[in-house]
**Student:** 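Before we start, here is the structure in question, set down as structure tokens.
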Amino acid sequence: MKQIAVIGAGISGLATAFQIEKKLKESGVSHKLFIFEKEKKTGGKIGAVYENGFRCEGGPNGFLDSKPSTIELCAELGLSNRLARSSDAAQRRFIYSAGKLHELPTNPFRFFRSDLLSLRGKLRIIGELWAPGPKQGTDPTIAEFARRRLGKEAHARLLDPMVAGVFAGDTERLSLASCFPRMVELEREYGSLIRAMIKLAKARKQNPGTGKHGGGPAGPGGKLTSFDKGLSVLPDAIAERFRGQIHLNADLKKIGMTSEGFRLSFSNAEDLDSDCVVVATPACDASSPLSFIDEGLATVLDRFEFAPATVVGLGFDRTMIDRDINGFGFLIPREENRRILGSLWTSSIFSHRAPEGSVLFRTIVGGARSPELAGLSEEETIQMVRSELKEIMGITAKPQFAHVFKWQKAICQYNVGHSVRLQEIDERLSRIPGLFLTGNSYRGIALNDCTLNAKRVADDVTNFLKD
Ligand SMILES: Cc1cc2nc3c(=O)[nH]c(=O)nc-3n(C[C@H](O)[C@H](O)[C@H](O)COP(=O)(O)OP(=O)(O)OC[C@H]3O[C@@H](n4cnc5c(N)ncnc54)[C@H](O)[C@@H]3O)c2cc1C
């Protein structure tokens, strides 16, 4: 009987465990699988607070339904009828610039009427059709790419806030190829992003089944999707399948080698001998336990940088909000020098996030842009966010609900050199058969990436155990 240990019960660990279980059953490999989680709950970054009718997520808000991996996983778990799509209003997205919120234009006519960019900035975007290609053999930053193709203004007012919203990151340091590999492909295939958009839209018209769209103007394709009772429904459903096999409060301290495989040592759990280990923690947490078998691997893992982020949920009486909040929310360019990265109008995105007659906003603070603000106390953070929302949205009301979620290492930064670090890791892992690393530090930060990578790792584990 083969023993498998999965470390970390975030969505990566849970989805990987689910896929391994499925593949090994299909392959007829007799096995026992255990999951170890250092916290007292499963789900990792996924989790919400419920208070007086407010349901506020502390980490991810949802996943896009345009990529199949999470949707398929939900179907396998019998959760399809519990999926909740974001409202149509959520397609309206805003950028805060020069003292006001600008709705992102949905068509070329509105693009020219919008005053988010100057006429020169707009014409420069059209110049994208003739922008020079990339220098060969380099790993350009998102900022270099955006300025080269779209111009300085589009970088500062469109790309920079969007990247802050997704990665809480710095476009001057993030690698384009590691963060947005599709952009690199489109540039290579079509020679221009505008040309690519036109050709792909035409192809979609001719063949309506291909490639969903519905994320709104600057939104990614697909609809943001969650569940009737919030995102935890997904990890909870997987954890339920592994009842009796999950050890909570079990912090992995050491991975050692034996003649048969691995010996794992934990705080609060007995040592375990296993044939195979899947480490599904953030890279920074994998480093120390792995240093016992490969110091070089631990050194590479230590080089991954993380941005801190604080999520502040504030609920208000709807009648006290004197402006249109039908939309996804707004993001703020760095050049505005504000103290928040943006704010999501959560109760407009999903229903049942606030009680009748109330609204819920989730404001993001910190990131690579202003990491020092993630160090403020909860009270200071709430005061600061209230003062920002007052200046930006005119909200002076006292909140009915307030909750602060702090993530010291919120999101791994795929900075320039990320792909080289991944190669080094792969090379080292190839010398330690039976050891696998996964999680959103490596090949995609979104939930859809975690559930997609789960299948890839499960294939690798199955092939290893079958040999
Ligand atoms: C504020 C915020 C908003 C986000 N919004 C979105 C969004 O809207 N959509 C989206 O797709 N993605 C979003 N993301 C990214 C999303 O959260 C991640 O893709 C996903 O949750 C990562 O899952 P994971 O399992 O890889 O890591 P984690 O969720 O971090 O799980 C890792 C687990 O490993 C455990 N662990 C660590 N060390 C040990 C140890 N030594 N022993 C045992 N266990 C250990 C941890 O306790 C944790 O439970 C957001 C992230 C943040 C921080």
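Start at 1 and go down the list; that is how both ligands and their atoms are numbered.
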**Student:** Would you say K38 and ligand 1 have an N/O pair spaced under 3.5 Å apart?
**Tutor:**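 Looking only at distances, the answer is yes, because the N/O contact criterion of under 3.5 Å is met.
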
**Student:** With heavy atoms only and a cut-off of under 4.0 Å, state how I7 meets ligand 1: side chain, backbone, both or neither.
**Tutor:** side chain

**Student:** Looking at the rings of Y442 and F304, which for Trp means the six-membered one, are their centres under 6.0 Å apart?
**Tutor:**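 Under 6.0 Å, so yes.
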
**Student:** Hey, does P282 come in under 3.5 Å of ligand 1, counting only N/O atoms on both sides?
**Tutor:** no

**Student:** Considering non-hydrogen atoms of the protein only, which is the closest contact for atom 39 (C) of ligand 1, and what is the distance?
**Tutor:**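 Looking only at protein heavy atoms, the one closest to atom 39 (C) of ligand 1 is T281 CG2, 3.6 Å.
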
**Student:** Considering non-hydrogen atoms of the protein only, which is the closest contact for atom 11 (O) of ligand 1, and what is the distance?
**Tutor:** L447 N, 2.8 Å

**Student:** Begin from the C-alpha positions of S430 and E427 and carry the test side-chain hydrogen bond (donor to acceptor under 3.5 Å, both in side chains) through to its verdict.
**Tutor:** CA-CA 5 Å; S430 69; E427 204 240 305; 5.5 Å; no

**Student:** Has G59 got any heavy atom lying under 4.0 angstrom from an atom of ligand 1?
**Tutor:** yes

**Student:** Tell me whether the rings of H247 and F34 are parallel (<30°), tilted (30 to 60°) or perpendicular (>60°).
**Tutor:** tilted

**Student:** Rounded to the nearest 0.5 Å, what's the gap from CD1 on I142 to CG on N415? Could you check?
**Tutor:** 9.5 Å

**Student:** Report yes if some N/O of G13 lies less than 3.5 Å from some N/O of ligand 1; otherwise report no.
**Tutor:**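 By distance alone, the answer is no.
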
**Student:** Nearest protein heavy atom to atom 1 (C) of ligand 1, by residue and atom, and its distance?
**Tutor:**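 Among all protein heavy atoms, the one nearest atom 1 (C) of ligand 1 is V311 CG2, 3.6 Å.
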
**Student:** Could you tell me whether some N/O pair between I46 and ligand 1 is separated by less than 3.5 angstrom?
**Tutor:** no

**Student:** With heavy atoms of D285 as the reference, note each atom of ligand 1 found under 4.0 Å away.
**Tutor:** 37 (C), 38 (N)

**Student:** Does some non-hydrogen atom of A286 fall short of 4.0 Å from ligand 1?
**Tutor:** no

**Student:** So among V311, L389, L314, L341, which one has a side chain to side chain contact (heavy atoms under 4.5 Å, CB included) with T363?
**Tutor:**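 So, applying the side chain to side chain contact (heavy atoms under 4.5 Å, CB included) to T363 and each of V311, L389, L314, L341, only L389 qualifies.
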
**Student:** Looking at non-hydrogen atoms alone, which of A283, S12, A168 comes nearest to atom 25 (O) of ligand 1?
**Tutor:** S12

**Student:** Is E37 in polar range of ligand 1, meaning some N or O pair under 3.5 Å apart?
**Tutor:** yes

**Student:** Would you check whether A309 reaches within less than 4.0 Å of ligand 1, judged by its heavy atoms?
**Tutor:** no

**Student:** Under 6.0 Å between ring centres: does that hold for H403 and F405?
**Tutor:** yes

**Student:** N/O to N/O below 3.5 Å, does that happen between W407 and ligand 1?
**Tutor:**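 Min N/O separation from ligand 1 is not below 3.5 Å for W407.
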
**Student:** Please state which part of A280 comes within less than 4.0 Å of ligand 1, counting heavy atoms only: side chain, backbone, both or neither.
**Tutor:**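 Answer for A280: backbone.
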
**Student:** In Å, rounded to the nearest 0.5 Å, how long is the span from OG1 of T451 to CZ of F63?
**Tutor:**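 Output value for this atom pair is 8.0 Å.
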
**Student:** Between I325 and I321, is any pair of side-chain heavy atoms under 4.5 Å apart?
**Tutor:**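 Yes, close enough: below the 4.5 Å cut-off.
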
**Student:** Please classify the N448 to ligand 1 contact at 4.0 Å (heavy-atom distances, strictly less than): side chain, backbone, both or neither.
**Tutor:** neither

**Student:** Do any nitrogen or oxygen atoms of G439 come within less than 3.5 Å of a nitrogen or oxygen of ligand 1?
**Tutor:** no

**Student:** So does E103 pair up with R93, basic N to acidic O under 4.0 Å?
**Tutor:** no

**Student:** Closer than 4.0 Å to some heavy atom of F36 - which atoms of ligand 1 meet that?
**Tutor:**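 Under 4.0 Å from F36, ligand 1 has these atoms: 43 (C), 44 (N).
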
**Student:** Below 3.5 angstrom, do we get any N/O pair linking G58 and ligand 1?
**Tutor:** no

**Student:** Examine the side chains of R443 and S419 and answer whether a donor and an acceptor come within less than 3.5 Å of each other.
**Tutor:** no

**Student:** Can you tell which part of F405 has a heavy atom less than 4.0 Å from ligand 1: side chain, backbone, both or neither?
**Tutor:**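 None of F405 does.
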
**Student:** If you define the side chain from C-beta out and look only at heavy atoms, does anything of R157 sit under 4.5 Å from E335?
**Tutor:** yes

**Student:** For S387 and R339, what are the C-alpha separation, side-chain angles and deciding distance, and is it a side-chain hydrogen bond (donor to acceptor under 3.5 Å, both in side chains)?
**Tutor:** CA-CA 10 Å; S387 119; R339 291 174 295 165; 3.0 Å; yes

**Student:** I want to know if ligand 1 touches E39 in the polar sense, i.e. an N/O pair below 3.5 angstrom.
**Tutor:**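 Min N/O separation from ligand 1 is not below 3.5 Å for E39.
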
